[in-house]
Visitor: 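Below you'll find the structure I mean.
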Number of protein chains: 2
Amino acid sequence: MATIRDVAKKAGVSVTTVSRALNGYSDVNEKTRERIKQIAQELSYSPNLLARSLVMKKTKTIGLLVSGLRIEGSKDNFTFEVLCGVNDCAGELGYELVLISTDSKKQQEKTYKQLCKERKVEGVILQGIKTDDPYLDEVLNSEIACILIDVPMESDSVGYVTTDNIAGAKTAVEHLTKLGHRNIGMVNGHSQAFVSQERLEGYKKALGKNGIRFNENYVVDGAFLEETAEQVTTNLLQKHPEITALFCASDLMAMGAIRAAKQLGKNLPDNLSIVGFDNIILSSYCTPSLSTVAQNRYQLGVEATVLLTNILEGKTAEKSKVLPTEFIKRESTTENHG
Amino acid sequence: MATIRDVAKKAGVSVTTVSRALNGYSDVNEKTRERIKQIAQELSYSPNLLARSLVMKKTKTIGLLVSGLRIEGSKDNFTFEVLCGVNDCAGELGYELVLISTDSKKQQEKTYKQLCKERKVEGVILQGIKTDDPYLDEVLNSEIACILIDVPMESDSVGYVTTDNIAGAKTAVEHLTKLGHRNIGMVNGHSQAFVSQERLEGYKKALGKNGIRFNENYVVDGAFLEETAEQVTTNLLQKHPEITALFCASDLMAMGAIRAAKQLGKNLPDNLSIVGFDNIILSSYCTPSLSTVAQNRYQLGVEATVLLTNILEGKTAEKSKVLPTEFIKRESTTENHG
DNA sequence: TTGAAAGCGCTAACAT
DNA sequence: ATGTTAGCGCTTTCAA
C-alpha cells in the first residue's frame with residue numbers, strides 16, 4: 001500500500017506538501033496540487049486513517065452500542081431498523097460506524113468508558129439499555145458524547161431520541177373507547193423500561209379523559225416477550241372475563257395475546273379487540289391483522305445520528321427529539337358488542 | 001486519557017516495560033508486572049488501539065460489507081441474522097467489527113480495495129453481492145482476505161459459505177411430489193443470484209427423479225420481491241390452471257404467491273400447495289402458515305467469521321462451508337386433490 | 001508556496 | 001529483567 005511518502009517522493013515534494021495538497025489547503029500551488037493528485041491516483045494512494053486519527057485525535061467514527069444484540073431481535077426488528085437509520089445517516093455525514101455489542105457478562109469486564117475509549121469512537125448511540133442498567137450512570141457521568149434511544153435523560157454530553165409513547169398509547173386506547181369499550185386491559189412490558197412507564201401513562205390518560213376508572217388489576221406485565229404475554233393474558237382474561245379490549249405495549253406481546261385469546265375460545269375481534277404498539281412487520285401478516293401504533297424506528301436511528309454529530313461538532317442545538325406516532329387501524333379491533 | 005507513558009512515569013519504569021508487562025510477556029519481573037498492572041488500573045489506562053494498530057500493522061478488525069443494507073431487509077432479516085452471527089463470533093475470537101455498507105452509487109466512487117484498505121480491516125465478509133456485480137472480480141483478484149456469503153467462489157484469499165440450496169430445493173419439491181403433485185410451478189428469484197441457479201437445479205433434480213418432465217414455462221422469476229412474485233404468480237396460474245403446487249425460492253415470494261392465489265379465488269392449500277425457502281419469521285405467522293426450507297442465517301454468519309479468521313491467522317483449513325437445510329412442514333401444503 | 005522537524009501512542013529490535 | 005532507540009503514517013507548527 002502506497003503511503004504519503006511514496007507520493008511525495010515520486011512528486012519530488014515533501015510529505016507536508018502532499019498532505020496539504022490532498023487535504024485541500026489553499027496555500028499550495030494549483031499546478032503542484034494537480035500533479036500530486038495525479039500521482040496519488042496512479043499509486044492508488046489512500047490515506048491511512050489510523051495514522052491520521054492518531055495525530056488528529058479525531059476518528060470520525062461513531063459507535064452503535066447495543067445492549068443485547070440477539071437473534072431474537074429479528075422478531076421486532078427494532079435494532080436492525082435503528083441500525084439502518086444510523087448507518088445511512090452516518091455515511092451521509094462522513095462518519096464511520098462501528099458496532100459495539102455488550103451483554104451483562106461483558107459489562108462485568110469492561111466499563112462503558114473503556115469500551116468507547118478503546119475503540120476510539122468520538123461518540124456513541126446507545127440502544128437497548130434498561131433504566132436499571134449500571135451503564136446508565138456511567139453514561140450520564142461521563143464526558144463521552146452519547147445519544148440514548150428510548151431513555152429520556154440528558155446531561156452536558158448526553159441527549160436522547162424517543163417516540164411520543166404517551167400520545168401513542170393514548171391514541172390507541174382512545175381508539176378503543178371510541179369503539180365503546182370500557183373494560184380495557186393492558187399488557188405492559190416491564191417496569192424497568194421507560195417506554196413501559198410512558199405507555200402506561202398514556203393508557204391512564206385515555207381512561208381518565210373518558211371517565212373510566214383506572215383498575216390496576218387490569219394491567220399485567222408481559223416482559224416484552226410473546227410467550228410471557230400469552231401466559232399473563234390468559235390469566236388476565238380468565239380472572240376478568242368482563243374485559244372486551246386489550247392494549248398491548250408491543251406488537252410482539254399482542255401476538256401472544258392473540259394466541260391466548262384464541263386458546264380461550266374467543267372470537268377475534270368480536271369477543272376481544274386488541275391494539276398493539278410498534279407496527280412490526282408481523283402485525284400486518286397475522287390473523288387478524290393488528291391495529292397498532294406505528295413508530296418509525298429507522299427515523300429514530302437517523303435522528304440519533306444527527307443529534308450526536310451535532311454534539312460532536314459543537315453545534316448548539318437541541319439534544320433531544322421526540323418522534324410522533326401514527327395509529328394504524330387493521331382488523332383486530334371492532335365495536336364493543338358487549 | 002492516560003497513556004502508556006503516564007503509567008511508565010508513575011511506575012518509575014520505561015514504557016517498554018509497561019508494554020511488555022501489560023501484554024503478558026514473560027521477560028518481566030512478576031513483581032514489577034503486578035505493580036504496573038495496579039497502576040494501570042488506578043489510572044484507568046487502556047491502550048490506544050489506533051497507535052497499536054499503526055505500529056503492528058494489525059487491527060484485529062473485520063468488516064461486514066453489505067451491498068444494499070436497506071430497511072426492506074427487515075422482511076426477511078437475512079442481513080440482521082447474519083450480522084448477529086458475525087458479531088457474536090467475532091467478539092468471541094477477539095475481533096472488532098465494522099459495518100461497511102455500499103450501494104451502486106457508492107461503488108462508483110470507491111473501489112472495493114479502497115473501501116477495505118481505508119478502514120484498515122484485515123478481512124471482510126461480503127453479503128448481498130450479485131454474480132454480475134463488478135466488485136466480484138475485484139474481490140477475486142485482490143489479496144484481501146474475504147468470505148463471500150452465498151457466492152461459491154474461491155481464490156487464494158477468498159472463500160465462501162452458503163447453504164445447500166440444491167438439496168434444500170430438492171427436498172421441498174419432493175415433498176410436493178410425495179403429496180401427489182405433478183404439475184409443480186416454480187417462482188424463482190433472478191438469474192444473477194447463485195442461490196436461484198441452485199434452487200432451480202434442485203427443482204429440476206426432484207422432478208427428474210420422479211419422472212416429471214421439466215417445463216420451462218412453469219418457471220417464473222419474482223426478483224425475490226413479494227409484489228413482483230404476486231404478479232408473476234398471477235400470470236403463471238392464469239396461463240397454467242393445471243398447476244397444483246408451487247415451489248418459491250424465498251418465503252417472501254411465497255407470501256406474494258399466497259396473495260396471488262387467494263386473489264384468484266383459490267382455496268389454500270386445497271387448490272394449491274405452496275412451499276417457500278428460508279423459514280423467515282413471517283412464514284409461521286401468515287395464513288396458511290408456510291411449509292418451507294429452513295436455512296440457518298445466524299450460523300452462516302458464524303461460519304463466515306470462523307473461515308475468515310482462519311485465513312487471517314494463516315491456518316490451513318477449508319476455505320468454504322456449505323450448511324445443511326431443514327424442511328419444515330406447515331399448513332400450506334397438502335395432498336393433490338387434482 | 002514549500003520544507004524540516006516534531007510528535008501522536010504504541011511495539012520491537014537491539015543493547016545492557 | 002529492563003532501557004534505549006527507532007519508527008509505524010500522518011498532520012502541524014515554525015522557518016525559510
Side-chain angles (χ1 to χ4, degrees), chain A residues 1-40 43-61 94 96 113-114 116-122, chain B residues 1-40 43-61 94 96 113-114 116-122:
Chain A
M1 206 57 189
T3 76
I4 197 171
R5 291 190 54 176
D6 301 325
V7 179
K9 220 172 276 178
K10 191 157 180 189
V13 295
S14 72
V15 293
T16 317
T17 307
V18 175
S19 173
R20 280 194 285 238
L22 261 28
N23 290 315
Y25 282 61
S26 57
D27 57 351
V28 54
N29 190 304
E30 270 313 314
K31 277 200 167 174
T32 328
R33 189 200 303 280
E34 279 318 309
R35 199 157 43 86
I36 290 173
K37 273 190 172 174
Q38 172 68 31
I39 289 169
L43 298 178
S44 74
Y45 164 78
S46 69
N48 184 328
L49 296 185
L50 253 52
R52 175 181 287 170
S53 299
L54 183 59
V55 57
M56 301 228 288
K57 295 177 174 306
K58 282 243 167 206
T59 56
K60 274 278 195 180
T61 298
E96 313 275 310
K113 258 191 181 173
Q114 276 180 310
C116 294
K117 291 286 179 188
E118 265 188 13
R119 312 216 181 182
K120 295 298 162 202
V121 296
E122 292 184 24
Chain B
M1 206 59 189
T3 75
I4 196 172
R5 291 190 53 176
D6 301 324
V7 180
K9 219 171 277 177
K10 191 157 182 190
V13 296
S14 74
V15 293
T16 317
T17 306
V18 176
S19 173
R20 281 193 285 236
L22 262 29
N23 290 313
Y25 282 63
S26 59
D27 56 353
V28 52
N29 190 304
E30 271 313 315
K31 279 201 166 174
T32 329
R33 189 199 302 279
E34 280 317 310
R35 196 158 44 86
I36 289 174
K37 272 191 173 175
Q38 173 67 31
I39 289 169
L43 298 177
S44 74
Y45 164 78
S46 69
N48 184 328
L49 295 186
L50 254 51
R52 176 182 285 170
S53 299
L54 184 60
V55 56
M56 301 229 290
K57 294 179 175 305
K58 282 242 169 208
T59 56
K60 273 282 197 177
T61 298
E96 312 276 309
K113 258 191 181 174
Q114 274 181 310
C116 295
K117 290 286 179 189
E118 265 188 13
R119 312 217 182 183
K120 296 294 162 206
V121 295
E122 291 184 26

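Just so we're on the same page: letters track the sequence lines, and every chain starts at 1. Any value given below was found using the heavy atoms of this structure, including those in side chains, with hydrogens, waters and symmetry copies removed.
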Visitor: Should B/Ile39 and B/Val18 be marked as a side chain to side chain contact (heavy atoms under 4.5 Å, CB included) after you check the CA-CA gap, both sets of side-chain angles, and the distance that decides it?
Guide: CA-CA 10 Å; B/Ile39 289 169; B/Val18 176; over 6 Å; no
Visitor: Checking side chain to side chain contact (heavy atoms under 4.5 Å, CB included) for the pair B/Val13/B/Arg20: CA distance, chi angles, key distance, verdict?
Guide: CA-CA 11 Å; B/Val13 296; B/Arg20 281 193 285 236; over 6 Å; no
Visitor: Please indicate whether B/Lys113 has more than 12 foreign heavy atoms, meaning atoms of other residues, nucleotides or ligands, lying under 6.0 Å from its NZ.
Guide: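 No, not enclosed.
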Visitor: How is A/Thr3 classified with respect to the nucleic acid when contacts are heavy atoms under 4.0 Å: base, sugar-phosphate, or nothing?
Guide: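 Here A/Thr3 touches the backbone only, sparing every base.
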Visitor: Can you tell me how far the NZ atom of A/Lys60 sits from the OG atom of A/Ser53, to the nearest 0.5 Å?
Guide: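 One finds 11.0 Å between NZ of A/Lys60 and OG of A/Ser53.
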Visitor: Run the salt-bridge test on B/Lys31 and B/Glu34 with the 4.0 Å N-O cut-off and return the result as yes or no.
Guide: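 Salt bridge flag = no for B/Glu34 with B/Lys31.
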Visitor: How many angstroms lie between atom CG of B/Leu54 and atom OG1 of B/Thr59, to the nearest 0.5 angstrom?
Guide: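 Those atoms lie 11.5 Å apart.
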Visitor: Pick the closest DNA chain D nucleotide for B/Leu54 and for B/Thr32 by heavy atoms, then say which residue is nearer the 5' end.
Guide: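 Comparing both residues, the 5'-ward one is B/Thr32.
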Visitor: Of all of residues 4-15 of chain B, which get a heavy atom below 4.0 angstrom from DNA chain C, listed by number?
Guide: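 Per residue number, the list reads B/Ile4.
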Visitor: Which distance, rounded to the nearest 0.5 Å, do you find between the NZ of A/Lys117 and the OG of B/Ser46?
Guide: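 Rounded to the nearest 0.5 Å, the NZ-OG separation comes out at 8.5 Å.
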Visitor: Going 5' to 3' along DNA chain D, which nucleotides are the first and last within contact of chain B (any atom under 4.0 Å from a heavy atom)?
Guide: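 From 5' to 3', the first and last contacting nucleotides are D/dA1 to D/dG9.
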Visitor: Checking A/Lys120 now: which residues fulfil salt bridge (Lys or Arg N to Asp or Glu O under 4.0 Å) with it, not counting sequence neighbours?
Guide: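 Per chain and number, A/Lys120 pairs via salt bridge (Lys or Arg N to Asp or Glu O under 4.0 Å) with no residue.
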Visitor: Between B/Leu50 and B/Arg20, which is nearer to the 5' end of DNA chain C once each is assigned its nearest nucleotide?
Guide: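 It is B/Leu50, whose closest nucleotide lies nearer the 5' terminus.
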Visitor: Hey, which sits more toward the 5' end of DNA chain D by its nearest nucleotide, B/Met56 or B/Asp27?
Guide: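 Looking at DNA chain D, the more 5' nearest nucleotide goes with B/Asp27.
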Visitor: What does the inter-axis angle of the helix from C/dT1-D/dA16 to C/dT16-D/dA1 come out as, five pairs per end, nearest 10 degrees?
Guide: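 Rounded value for the end-axis angle: 40°.
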Visitor: Test your reading of the model: is there a side-chain donor-acceptor pair from A/Glu122 to the backbone of A/Lys58, 3.5 Å cut-off?
Guide: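 Judged by distance alone, no pair lies under 3.5 Å.
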Visitor: Shoot me the first and last contacting nucleotide of DNA chain C against chain B, ordered 5' to 3', at under 4.0 angstrom to non-hydrogen atoms.
Guide: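 It runs C/dG9 to C/dA13.
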Visitor: Can you list the residues that meet the salt bridge (Lys or Arg N to Asp or Glu O under 4.0 Å) rule with A/Lys10, with sequence neighbours excluded?
Guide: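 Partners of A/Lys10 by the salt bridge (Lys or Arg N to Asp or Glu O under 4.0 Å) criterion, ordered by chain and then number, come out as A/Glu42.
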Visitor: Side chain to side chain contact (heavy atoms under 4.5 Å, CB included), that's the test. Do A/Thr3 and A/Asn48 meet it? Break it down for me.
Guide: CA-CA 8 Å; A/Thr3 76; A/Asn48 184 328; over 6 Å; no
Visitor: Distance check, rounded to the nearest 0.5 Å: A/Arg52 atom CZ versus A/Asn23 atom CG?
Guide: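 Reported to 0.5 Å precision, the distance equals 5.0 Å.
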Visitor: First locate atom CD1 of B/Ile4, then atom OG1 of B/Thr17, and finally report the distance between them rounded to the nearest 0.5 Å.
Guide: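 Here the interatomic distance stands at 9.5 Å.
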